[in-house]
Amino acid sequence: MRVEGNTKKIAEDLLGHYDVRARRLPWRAPPGANAADPYRVWLSEVMLQQTTVAAVIPYFTKFTERWPSVEALAAADDADVMAAWAGLGYYARARNLLACARAVANERDGAFPDTEDGLRDLPGVGAYTAAAVAAIAFGRRAVVVDANVERVVARLFAIDIPLPNARPAIRAAADSITPETRAGDFAQAVMDLGATICTARAPACGICPLRTDCAAVLTADPAAFPVKAAKKIRPHRLGHGWWIERPDGHVWLVRRSAKGLLGGMRALPSSDWEAAPDPTPPMTAQWRALAAPVAHIFTHFSLALTVHVAHVTENCQPPGEGEWWPLARIGDAGLPTLFRRAADAVMKESAQHARP
DNA sequence: CAGCCGTGGAA
DNA sequence: TTTCCAAGGCT
């Protein structure tokens with residue numbers, strides 16, 4: 001472990017690099033501008049949870065154009081926000097985003113809390129996001145620890161305890177190098193470094209502004225830090241999805257229950273997803289299965305969804321809650337990726353069917 | 001507290 | 001092709 005004297009040098013080296021090389025990102029105030037808008041900082045941090053910058057940018061642009069303030073977002077319809085989030089994943093974030101916006105708009109007159117503790121009480125705001133918003137939007141000294149910080153700090157100090165047991169040591173080390181001022185810039189500088197130079201697989205140590213501060217660069221394999229515990233194998237599951245199409249060009253869509261996988265999202269009616277799911281259709285009809293199931297990989301299991309198609313009469317009413325959605329606007333339904341792919345597969349096959 | 005919760009890009 | 005990974009939070 002490093003001694004006190006070097007910790008200040010690390011922040012100075014990194015901030016000096018950041019002042020010249022900071023990435024220009026839509027949620028960052030331009031250099032020399034006033035402090036960033038807390039609404040935009042918070043929105044970006046939530047979107048960036050376990051999500052890459054490249055994936056977030058178009059969603060951030062869309063959200064801030066459509067809902068430019070926390071009050072505007074708080075007044076939005078749930079269905080519109082969920083549909084706008086479709087494709088970004090981890091949909092509990094979108095549900096918590098709305099709950100948080102409404103809490104801030106309705107109970108706090110639109111003002112975000114300006115301390116870590118206050119922010120931490122908001123839905124969808126955990127230890128990381130509270131620290132990041134406190135530091136970036138409000139200039140607080142906060143110790144911001146995300147996956148980038150874990151990697152950079154584990155390398156700087158050559159911490160060889162496997163994750164997640166290394167977390168306390170990593171946090172203490174991160175605390176030791178976090179400066180009293182510019183903690184927000186410092187946090188973003190570490191994340192820029194982690195994203196562009198101190199990357200997970202092939203760190204560019206030769207151009208790293210911290211190479212003279214780093215313990216791992218002196219080892220045979222700097223990329224070996226942080227050490228991680230072995231991960232589990234991903235189980236495979238099967239499922240059935242039901243495409244019910246009306247002759248006037250509508251398909252029957254349902255909304256999934258608020259909790260659990262793809263919670264709150266529009267979807268095709270479908271079975272549970274397990275080793276041997278119930279193949280019983282939701283209604284009697286002439287069912288025909290697509291030749292190839294839709295394969296999709298979630299974080300903790302992979303899925304093969306067999307899509308069954310039925311063409312029903314105009315006055316047909318499937319059981320349960322749902323809505324007839326126009327095929328011409330299927331792209332606006334806000335389907336999560338699994339069901340968007342299922343819809344693509346059905347439309348592609350029916351197009352081929354029409355032109356043999 | 002370990003498991004649950006998406007997605008797409010990189011290697 | 002498969003594996004790994006990303007500005008985590010909730011229960």
Side-chain angles (χ1 to χ4, degrees), chain A residues 22-23 25-28 36 40-60 82 85-97 99-100 119-137 142-152 163-165 167 171 174 184-196 198-203 223 226 228-237 256-265 267 273 295-303 334-341:
Chain A
R23 290 182 291 174
L25 300 171
W27 45 88
R28 282 186 184 167
R40 295 167 65 89
V41 173
W42 160 75
L43 177 63
S44 70
E45 290 301 341
V46 173
M47 287 185 165
L48 285 161
Q49 289 165 8
Q50 296 286 287
T51 309
T52 57
V53 165
V56 164
I57 286 175
Y59 284 86
F60 181 83
M82 299 309 289
W85 197 278
L88 197 56
Y90 285 138
Y91 299 100
R93 293 185 295 172
R95 304 193 296 269
N96 287 329
L97 188 83
C100 180
L119 288 159
R120 186 66 182 76
D121 289 335
L122 295 170
V125 177
Y128 161 76
T129 302
V133 174
I136 297 168
V143 181
V144 181
V145 182
D146 74 319
N148 287 300
V149 177
E150 285 185 349
R151 184 169 62 255
V152 171
L163 286 172
N165 289 347
R167 295 246 153 84
R171 184 187 172 79
D185 284 347
F186 178 77
Q188 294 179 91
V190 179
M191 296 191 257
D192 274 15
L193 189 78
T196 61
C198 195
T199 57
R201 295 182 177 174
K228 296 191 175 181
K231 38 190 68 179
K232 298 181 160 185
I233 59 161
R234 182 166 20 226
H236 188 66
R237 297 182 188 169
R256 293 174 63 81
S257 61
K259 293 184 178 180
L261 191 67
L262 308 180
M265 300 300 288
W273 304 333
H296 191 71
I297 298 175
F298 294 101
T299 301
H300 57 294
F301 67 95
S302 59
L303 175 70
L335 294 176
T337 299
L338 167 68
F339 294 112
R340 181 178 56 73
R341 288 189 183 148

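Naming: A, B, ... by sequence-line order, numbering from 1 per chain. As the structure is a computational prediction, the values presented were derived from the model and not from experiment.
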Rounded distance in Å - [atom1] ([X]) to [atom2] ([N]):
X: A:Lys231; N: B:dC4; atom1: NZ; atom2: P; value: 15 Å
X: A:Leu338; N: B:dG6; atom1: CG; atom2: P; value: 11 Å
X: A:Ile233; N: C:dT3; atom1: CD1; atom2: P; value: 11 Å
X: A:Lys232; N: B:dG3; atom1: NZ; atom2: C1'; value: 7 Å
X: A:Ile297; N: C:dC4; atom1: CD1; atom2: P; value: 12 Å
X: A:Leu119; N: C:dA7; atom1: CG; atom2: C1'; value: 15 Å
X: A:Leu163; N: C:dA6; atom1: CG; atom2: P; value: 10 Å
X: A:Ile57; N: C:dA6; atom1: CD1; atom2: P; value: 18 Å

[X] vs [N]: side-chain N/O to OP1/OP2 distance below 4.0 Å:
X: A:His296; N: B:dT7; value: yes
X: A:His300; N: B:dC5; value: yes
X: A:Arg234; N: C:dT3; value: no
X: A:Arg341; N: B:dG8; value: yes
X: A:Lys228; N: C:dC4; value: no

On a heavy-atom basis, the closest approach of A:Arg93 and A:Leu48 is NH1-N, 4.3 Å
In terms of heavy-atom contacts, A:Trp27 and A:Ala36 come closest through O-CB, 4.3 Å
Heavy-atom check, side chain of A:Glu150 versus side chain of A:Arg167, under 4.5 Å: yes
| request: Indicate yes or no: at least one non-hydrogen side-chain atom of A:Trp42 is less than 4.5 angstrom from one of A:Leu122. | output: no
For [X], which contact category applies under a 4.0 Å heavy-atom criterion: base, sugar-phosphate, or nothing?
X: A:Leu25; result: base
X: A:Trp42; result: nothing
X: A:Leu88; result: base
X: A:Arg340; result: sugar-phosphate
X: A:Pro336; result: sugar-phosphate
X: A:Gly263; result: nothing

Provide the distance between the two [atom1] atoms, one in [N] and one in [M], to the nearest whole Å.
N: B:dG3; M: C:dA7; atom1: C1'; answer: 22 Å
N: B:dC1; M: B:dC5; atom1: C1'; answer: 16 Å
N: B:dG6; M: C:dT11; atom1: P; answer: 14 Å

Side-chain contact check for A:Thr299: nearest option of B:dG8, B:dC5, B:dG3 is B:dC5
Let me confirm one number: the [atom1]-[atom2] distance from [X] to [Y], rounded to the nearest 0.5 Å.
X: A:Gln50; Y: A:Leu88; atom1: CD; atom2: CG; value: 12.0 Å
X: A:Leu338; Y: A:Ile297; atom1: CG; atom2: CD1; value: 12.0 Å
X: A:His236; Y: A:Leu303; atom1: NE2; atom2: CG; value: 7.0 Å

Kindly give the atom pairs (protein nitrogen or oxygen, nucleotide nitrogen or oxygen) under 3.5 Å for nucleotides 8-11 of chain C.
{"residue": "C:dG8", "atom": "OP1", "partner": "A:Ala147", "partner atom": "N", "Å": "3.3"}
{"residue": "C:dG8", "atom": "OP2", "partner": "A:Gln50", "partner atom": "N", "Å": "2.7"}
{"residue": "C:dG8", "atom": "OP2", "partner": "A:Gln50", "partner atom": "NE2", "Å": "3.2"}
{"residue": "C:dG8", "atom": "O5'", "partner": "A:Gln50", "partner atom": "N", "Å": "3.3"}
{"residue": "C:dG9", "atom": "OP1", "partner": "A:Gly126", "partner atom": "N", "Å": "2.9"}
{"residue": "C:dG9", "atom": "OP1", "partner": "A:Thr129", "partner atom": "N", "Å": "3.0"}
{"residue": "C:dG9", "atom": "OP1", "partner": "A:Thr129", "partner atom": "OG1", "Å": "2.7"}
{"residue": "C:dG9", "atom": "OP2", "partner": "A:Ala127", "partner atom": "N", "Å": "3.4"}
{"residue": "C:dG9", "atom": "OP2", "partner": "A:Tyr128", "partner atom": "N", "Å": "3.2"}
{"residue": "C:dC10", "atom": "OP1", "partner": "A:Gly124", "partner atom": "N", "Å": "2.7"}

| field | Donor on one side chain, acceptor on other, A:Gln49 and A:Tyr128, under 3.5 Å | value | no
*So A:His300 and A:Phe298, ring pair (Phe, Tyr, Trp, His ring centres under 6.0 Å) or not? Walk me through it.*
CA-CA 6 Å; A:His300 57 294; A:Phe298 294 101; 7.3 Å; no
Might you list the N or O atoms of the protein lying below 3.5 Å from N or O atoms in nucleotides 9-11 of chain B, with each pair's distance?
{"residue": "B:dA11", "atom": "O4'", "partner": "A:Arg201", "partner atom": "NH1", "Å": "3.2"}

#### Entry: side-chain contact (heavy atoms from CB on, under 4.5 Å) between A:Leu97 and A:Leu43, worked out
CA-CA 8 Å; A:Leu97 188 83; A:Leu43 177 63; 3.8 Å; yes
* Donor/acceptor link under 3.5 angstrom from A:Arg151 side chain onto base of C:dA7 -> no
(Q) Evaluate A:Phe186 against A:Val144 for side-chain contact (heavy atoms from CB on, under 4.5 Å), listing each step before the verdict. (A) CA-CA 9 Å; A:Phe186 178 77; A:Val144 181; over 6 Å; no
